[in-house]
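Computed over heavy atoms, backbone and side chain alike; hydrogens, waters and symmetry mates excluded. Chain identifiers are assigned alphabetically (A, B, ...) following the order of the sequence lines, protein sequences preceding nucleic acid strands; residue numbering begins at 1 within each chain.
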Amino acid sequence: MKMAIQQGGLDMAAVTASLQDDRCGAAVVFEGRVRNHNEGRDVTGLEYEAHEPLAVSEGEVVLAEAARRWPIRDAVCVHAVGTLEIGAVAVVVGVIGDHRGEAFEAARFIIDEIKARLPIWKREHYVDGPAEWVNCQRPVID
Amino acid sequence: MKMAIQQGGLDMAAVTASLQDDRCGAAVVFEGRVRNHNEGRDVTGLEYEAHEPLAVSEGEVVLAEAARRWPIRDAVCVHAVGTLEIGAVAVVVGVIGDHRGEAFEAARFIIDEIKARLPIWKREHYVDGPAEWVNCQRPVID
Amino acid sequence: MHSIQVRFFAAFREFAGTDAVLLETDAETVDDVFEACLQQFPRLFRPEASLVAVNEKMADWSTAVRNGDEVLFFPPVAGG
Amino acid sequence: MHSIQVRFFAAFREFAGTDAVLLETDAETVDDVFEACLQQFPRLFRPEASLVAVNEKMADWSTAVRNGDEVLFFPPVAGG
C-alpha cells in the first residue's frame, strides 16, 4: 500500500500501474478532477496545498483502515499539490481485490476519508471574484 | 455513452480516454480481470464468447438505465471476447459525474447489470481438469 | 409443420455438439422448439437462468414461433 | 514564559499575513496559543473544523504546550 503527494496533475494509469495481483478479479479506480464549477460559481482553476508529512502519514492510516475492514489485496492513493487547470486530476485512489464488492466499498471509504482527514487545502480561482480557500467560512481577502 | 465488444484483453486508459467533461469532478473506473482462482479451483486462463449484437444492444440499455437513475455525464463499457490470460482485463466500466456519489453508484450498477444480463459466456481452464462453462450446472464434457 | 432455424451458444453448443440446426417441426413456442431439440440431442439440457432470443431480439420461453423464425438458445450468462 | 514556534497553513497563513511566528507566551495549551495569535493578528479567526498539530503530530486544542514546541494551525481540510 502506498500514499504519496505529488506536484502537478496526476496520471491515473501511472498511479495504478503497481496494482497487479493474479488473485484479483477486480480493480476500482477513483479519479478526482478539477471541475469548472463549485457551489454555483464558475471556477477557472485551483491550487492545492498540503502539509506533506502529515498528509502522507494520515493517508497511510486511512489505507491501513481500509485493508482491515475489507479483504482487499492492495490500495494506493496519490494526491496532487500545486496549481491545477480545469480537468486536471487532483487525486487518484486505486484498490484491487478478489471480488468487486470489497474493491468498490474500500475505494469509496478511502476517498471519503482522504477528503475529510488529510491536511490538504484547496484554493479556488473564480471567474467573478477573488480566489478563496474552500471550506473556510469567510472569504480570504486577496 | 458507448457499449462495445472487443477481441482480446483491454486497456483501461484506452477505454476511458473519451470520458472528458469540464463539469465533472469525479471519474470511477471498474476493471474486471481474469483471476487465477474461482470457487476454490486454480484457473489458468479463460475464453469469453458473446452474442455481439445482443450484448451491445443490452449493454446500451444498461448504460441508459444508469443515466436515468443517476445524474452522470457520461459512461462507457467495453467487454472482451476471445482467449484471455491470468491478469488480463476482461471488462472495463467508466463513469464520470459532477460528484463522486453518483459516479460510484452508477459504476457499481452498470457492472452488476452487465454481468447479469448480457449474452456473454465464460469458459474457464483449470489446473486440475477439463475446461468448464461458468454458471452451467453440469460440467461440460470436453 | 414449419422450418425453424435454431442456434446454440457457448455451453449449449457443446451440449448439442453443433452450433445450429434447421428443424422441421410443429413447435408452437420457443419452449416447444427446445423440447424438439432435446429429442434430437441427448446430451442437451436446460440450466436454470438460460435465455432465449427470436430473430435477434430477446424473447421468452412462451414466445410463439412461425415458419422461418430463427431461435437462439443462450445458456446462463457470466460476463465480467 | 516560554517560546512556541507557530506555523500557519493555507487560509490561516492568509488571515495572519505570515506563515510563522515565534511567540513568547505563558500559553499552557494549543487553545491558549491560538488566543495569543488572535491578539497579534487582527484578521485571524478560527473556522469550524480547524485542526492542530504539535511537533508534527496531530493534536487537540486542549493539548499542553511546552517551551520549544512547534504548533501547526490547519484550517478546515478540503482534499480531493
Residues, nucleotides or ligands: over 12 heavy atoms within 6.0 Å of B:K2 NZ:
no

Once rounded to the nearest 0.5 Å, what's the spacing between atom CH2 of B:W133 and atom CZ of C:F12?
12.0 Å

In terms of heavy-atom pairs under 4.5 Å with chain C, the winner among B:R33, B:E58, B:K122 is B:K122

Among B:L54, B:I111, B:V91, the residue with the most heavy-atom pairs under 4.5 Å to chain C is B:L54

Which region of B:A116, side chain (C-beta onward) or backbone (N, CA, C, O), has a non-hydrogen atom less than 4.5 Å from a non-hydrogen atom of chain C, or is it both or neither?
backbone

Do you know the tightest heavy-atom contact between C:A78 and B:Y48?
O-CE2, 3.7 Å

CD (B:E49) and CZ (C:F9) are apart, to the nearest 0.5 Å, by 7.0 Å

Please confirm whether the backbone N or O of C:P75 pairs with a side-chain atom of B:W121, one donor and one acceptor, at under 3.5 Å?
yes

Got more than 12 heavy atoms from elsewhere within 6.0 Å of CD, B:E39?
no

Around atom CD of B:E65, are there more than 12 heavy atoms of other residues, nucleotides or ligands at under 6.0 Å?
yes

Short side-chain to backbone donor-acceptor contact, B:N135 and C:V77, under 3.5 Å
yes

Against chain B, label C:A53 side chain, backbone, both or neither, depending on which of its atoms sit under 4.5 Å from a heavy atom there.
side chain

